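Below is one structure, written out as structure tokens; the observations come after it.
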Amino acid sequence: MAEAALLDGKALATKLRTALASELARLRREARLAPGLAVVLVGDDPASQIYVRTKTRQCEEVGIKSFAHRLPADVRQEDLLTLIRGLNRDPRVHGILVQLPLPAAIDEAEVLAAVDPDKDVDGFHVVNAGRLFAGISGALVPCTPQGCLRLIKSRVPKLAGLKALVLGRSNIVGKPMAMLLLAEHCTVTMAHSHTFDLPGECRAADILVAAVGRPELVRGDWIKPGAIVIDVGINRLDNGGEKAKLLGDVAFEEARRVASAITPVPGGVGPMTVACLLRNTVIAACRANDLEEPAF
Ligand code: NAD
């Protein structure tokens, strides 16, 4: 069998950002609208700092104003909530993103619930999760699964009837991913750490999305020949002082000999997550101003 095609998230994300940049230019010109994204970072987790830098840089590049708020790891819950309530009221801010994970002393659920659902560009508020679950239009869809679906559909536009397996059941990736695939009329299985016969479940899937956080858990012989494989995992392997090596949840070299298409790590899902965040911010800004949303 031929080697799997690479699903190039970097290239697809660049395409999406280019479309967003011209939409943003049009909004500025015709509606005098300058969408704004507030990014809240608590503490000094190195990976979170990199993510926040990438997000704010890409905002500026496409023409979204970014407002970064950095708070110390020992910030009081009440002070964090006060900041979020202020951002909810700020008309310059159309999207609010609280970078996760938060320090252990912070009640994450309470913080996410404090974000105005209309500004919840991460799609983590229960109102948006509920809309997605119920199939009600108007949900702001979580960025990582949204990006995964775009990658899948770049290869196979019509997914009806295909068997999809989502490995991992987190609120931010696994569960919304399953809902999006269900909405595309896939037959969806969710697998997790208590699943019996994980390799067998995976082998039945035409589309396999791995979001586990276990380096190379999914082996080549778990994959149905010709399947589409989306690797969400980002596992940092310390290289003794050198730059950390990034591994996905899928054994890439094995998998690419069996799958028909596969995302690399890095350069697959990661760039799409950030591009979809920019898209959600533009959508939130259009809705706040009763303007038509971008069709892409
Ligand atoms: P999580 O820890 O919240 O959830 C992991 C899930 O995997 C759980 O549902 C658990 O049941 C399941 N699981 C754990 N071990 C398992 C095993 N041995 N067998 C089967 N299932 C198992 O993680 P998350 O937030 O969903 O993230 C998953 C991975 O995706 C992480 O590596 C994370 O860094 C990465 N991630 C990447 C992006 C991106 O933009 N590329 C975004 C979010 C998360």
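Counting starts at 1 for both ligands and their atoms, following the listed order. Fair warning: this is a prediction, and the values are worked out from it, not measured in the lab.
Using a cut-off of 4.0 Å between Lys/Arg side-chain N and Asp/Glu carboxylate O, Lys65 and Glu60 are scored as not salt-bridged. A salt bridge is defined here as a Lys NZ or Arg NE, NH1 or NH2 lying under 4.0 Å from an Asp or Glu carboxylate O, and Arg92 with Asp90 meets this definition. The residues Glu3 and Arg257 are annotated as not salt-bridged, no charged nitrogen and carboxylate oxygen being separated by less than 4.0 angstrom. Between Asp118 and Arg287 there is no salt bridge, since no side-chain N of the basic residue sits under 4.0 Å from a carboxylate O of the acidic one.
Side-chain N or O atoms of Thr144 include none that pairs as donor or acceptor with a backbone N or O of Thr273 at under 3.5 Å.
Residue contacts with ligand 1, taken as heavy atom pairs separated by less than 4.0 Å, involve Arg214 solely via side-chain atoms from C-beta onward. Counting heavy atoms under 4.0 Å from ligand 1, residue Thr273 touches it through the side chain alone. With a 4.0 Å heavy-atom cut-off, ligand 1 is reached by the backbone of Val232 and by its side chain too.
Take Glu216 and apply the salt bridge (charged side-chain N to carboxylate O under 4.0 Å, His left out) test, not counting sequence neighbours, and it matches no residue. Ala244 pairs by the side chain to side chain contact (heavy atoms under 4.5 Å, CB included) definition with Arg236, Asp238, not counting sequence neighbours.
Within the 4.0 Å cut-off (strictly below), no protein heavy atom is located near atom 27 (O) of ligand 1.
Crowding of Phe133 atom CZ: a count of heavy atoms from other residues, nucleotides or ligands under 6.0 Å not exceeding 12. At most 12 non-hydrogen atoms from other residues, nucleotides or ligands lie less than 6.0 angstrom from CZ of Phe196. Other residues, nucleotides and ligands contribute more than 12 heavy atoms inside 6.0 Å of the CG atom of Asp197.
Of the protein's non-hydrogen atoms, the one nearest atom 2 (O) of ligand 1 is Val212 O, 4.4 Å. Protein heavy atom in closest approach to atom 10 (C) of ligand 1: Ser193 OG, 4.2 Å. The protein heavy atom nearest to atom 42 (C) of ligand 1 is Thr144 OG1, 3.2 Å. With hydrogens left out, the protein atom closest to atom 29 (C) of ligand 1 is Gly213 N, 3.6 Å, a heavy atom. Distance from atom 44 (C) of ligand 1 to its nearest protein heavy atom, with residue and atom name: Val173 CG2, 4.0 Å. Ranking protein heavy atoms by distance to atom 1 (P) of ligand 1, first place goes to Ser170 CB, 4.1 Å.
Between the choices Asp231, Ile234, Leu167, Val218, the shortest heavy-atom distance to atom 33 (C) of ligand 1 belongs to Ile234. When the options Arg236, Met272, His194, Arg169 are ranked by their closest heavy atom to atom 9 (O) of ligand 1, first place goes to Arg169.
Annotation: Ile172 places no N or O atom under 3.5 Å from an N or O atom of ligand 1; distance criterion only. Remark: ligand 1 and Asp249 share no N or O pair separated by less than 3.5 Å (distance only, no angle test).
The distance from ligand 1 to the heavy atoms of Leu198 drops below 4.0 Å at these ligand atoms: 19 (N), 20 (C). Against a heavy-atom cut-off of under 4.0 Å, Gly270 is close to the following atoms of ligand 1: 40 (O), 41 (N).
Distances from ligand 1 to the non-hydrogen atoms of Gly174 include no value under 4.0 Å.
Considering Asp120, Asn280, Asp122 in turn, Asp120 is the only one that fulfils the side-chain hydrogen bond (donor to acceptor under 3.5 Å, both in side chains) rule with Asn128.
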